[in-house]
Asks: 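I'd like to ask you about the structure that follows.
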Amino acid sequence: MQRFTFLLRSRIATPSLAVRISRSRRFSILSDISEVRRLRKSHLLSGETVGLVPTLGALHEGHLSLIRQAARENKKVFVTIYLNPLQFAATEDFRAYPKTWDEDIAKLRHLQADLLAPSHSGETPYGSIAAVFAPSTETLYPTLPPSSDPDADGTFVTVSPLDRFLEGGSRPTFFRGVATVCTKLFNIVTPDRVYFGQKDVQQSVIIKRLVKDLCIGTEVIIGPTQRDSDGLALSSRNVYLGARRRKVALSLRRGLKAAEELYSRGETSAERLVGCAMSVMREENGRQRRLDPTQAARFVVDYVRLSNVNTLEDEYDANIREGSILSAAIKVLPLDHGCTADGESLGVGNDAGEVRLIDNVILPPRSQSTRSGRADLG
Ligand code: AMP
């Protein structure tokens, strides 16, 4: 068993008050399931609600915004940091995935200070981080080591056919890994609410289905996608993009926004909405082809799809009653290494590896979009 407790320094002079405040600023770092259960039980007994935010670590504002939301809606927040091998195929970047433990904990300590700071109205916000759960692989997979081989033995959760669509096309066991680890985390923490980001829209739909089908007593809350100022959705993988590749990657967002705009002007045909996003991305690739190789970057579009918000099945027309998901994935190709300039701003790994990026927009129900002035059937 391993348990550390971080204490944020308090500048308050009155000793009794300082002690009271510093105690409430602690969050535990737990690696043992029984410790998590003990803490969770204490919250249950004191009637405190618990929100869970599962992450792979390498925390950024996308993760922190989910934690903030969880702290607005629950008294206690559990954050899990676990890089789950089961969701990485043999060909994928498990080893290379950024691991930033010290920075992650520092970010959570800052966030905790924010969460506990009195707001302008003088009131302390509702909840705070109770614990970071960072288990070992032996803890989460006690019987057999996790294997993403489709034929591997083990106890798995699969959510089909949703796991075969979209990302599942090129990552066949990815969602088996996600669903299995999330089920374990839900069983361990038994949260009142779990928080996922809309950025990984297929994951959020799959988790909703999993919770429903396995009768898990938690509410699934989806937080909005957080973006950098240039519009790129925040992702732990963005560090691999140098300035040149990042610029072309932005056409993913531009394409989806153009299709969203077309939908808001009344277009519902999947063919035309998908075509609109594709043409923005094709244009960008065309522009890159005409550039000198020392300035160009290229990408491949994996898919652009219009999907049902609950089943993820393809839609031929946007569903104007329930809304639809327009999602896309691109693979940004490595830079040609003979063609990088001295002093060029390169990403981690010198832009030598392929980077897969996903993004999406939700096309809202027509009545809603009309109300918000974003679409007009006119
Ligand atoms: P990950 O560590 O990549 O598995 O992400 C953990 C959680 O953060 C998932 O629910 C993601 O959907 C969510 N997330 C990742 N990036 C973003 C983002 N840019 N905005 C909002 N949520 C995000």
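Atoms within each ligand, like the ligands themselves, are counted from 1 in listed order.
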Asks: For His43 and Phe78, I'd like to know if the aromatic rings sit close, meaning centre-to-centre distance below 6.0 Å.
Replies: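 Here the rings of Phe78 and His43 have centres that are less than 6.0 Å from each other.
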Asks: Do Glu271 and Ser269 have side-chain atoms, one donor and one acceptor, less than 3.5 Å apart?
Replies: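 No - no donor-acceptor pair under 3.5 Å links their side chains.
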Asks: What I want to find out is whether Asp302 reaches Arg356 closely enough, with some N-O distance under 4.0 Å, to be called a salt bridge.
Replies: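 Looking at Arg356 together with Asp302, the answer is yes, because their closest N to O distance falls below 4.0 Å.
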Asks: Whether Arg227 and Asp359 form a salt bridge (side-chain N of Lys/Arg under 4.0 Å from carboxylate O of Asp/Glu) is what I want to check.
Replies: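 Yes, Asp359 and Arg227 are salt-bridged.
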Asks: Taking the inter-plane angle between the rings of Tyr82 and Tyr141 on a 0 to 90° scale, is it parallel (under 30°), tilted (30 to 60°) or perpendicular (over 60°)?
Replies: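 Rings of Tyr82 and Tyr141: tilted, 30 to 60°.
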Asks: For ligand 1, give me the residues whose heavy-atom distance to it is below 4.0 Å, by chain and number please.
Replies: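 Within the 4.0 Å shell of ligand 1, which is judged on heavy atoms, sit Pro54, Thr55, Leu56, His60, Gly62, His63, Leu66, Tyr97, Phe196, Gly197, Lys199, Asp200, Gln203, Pro224, Thr225, Gln226, Leu234.
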Asks: State whether Arg254 and Glu283 are salt-bridged, where the test is any N-O pair (Lys NZ or Arg NE/NH1/NH2 against Asp/Glu carboxylate O) under 4.0 Å.
Replies: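 The answer is no: the pair does not qualify as a salt bridge.
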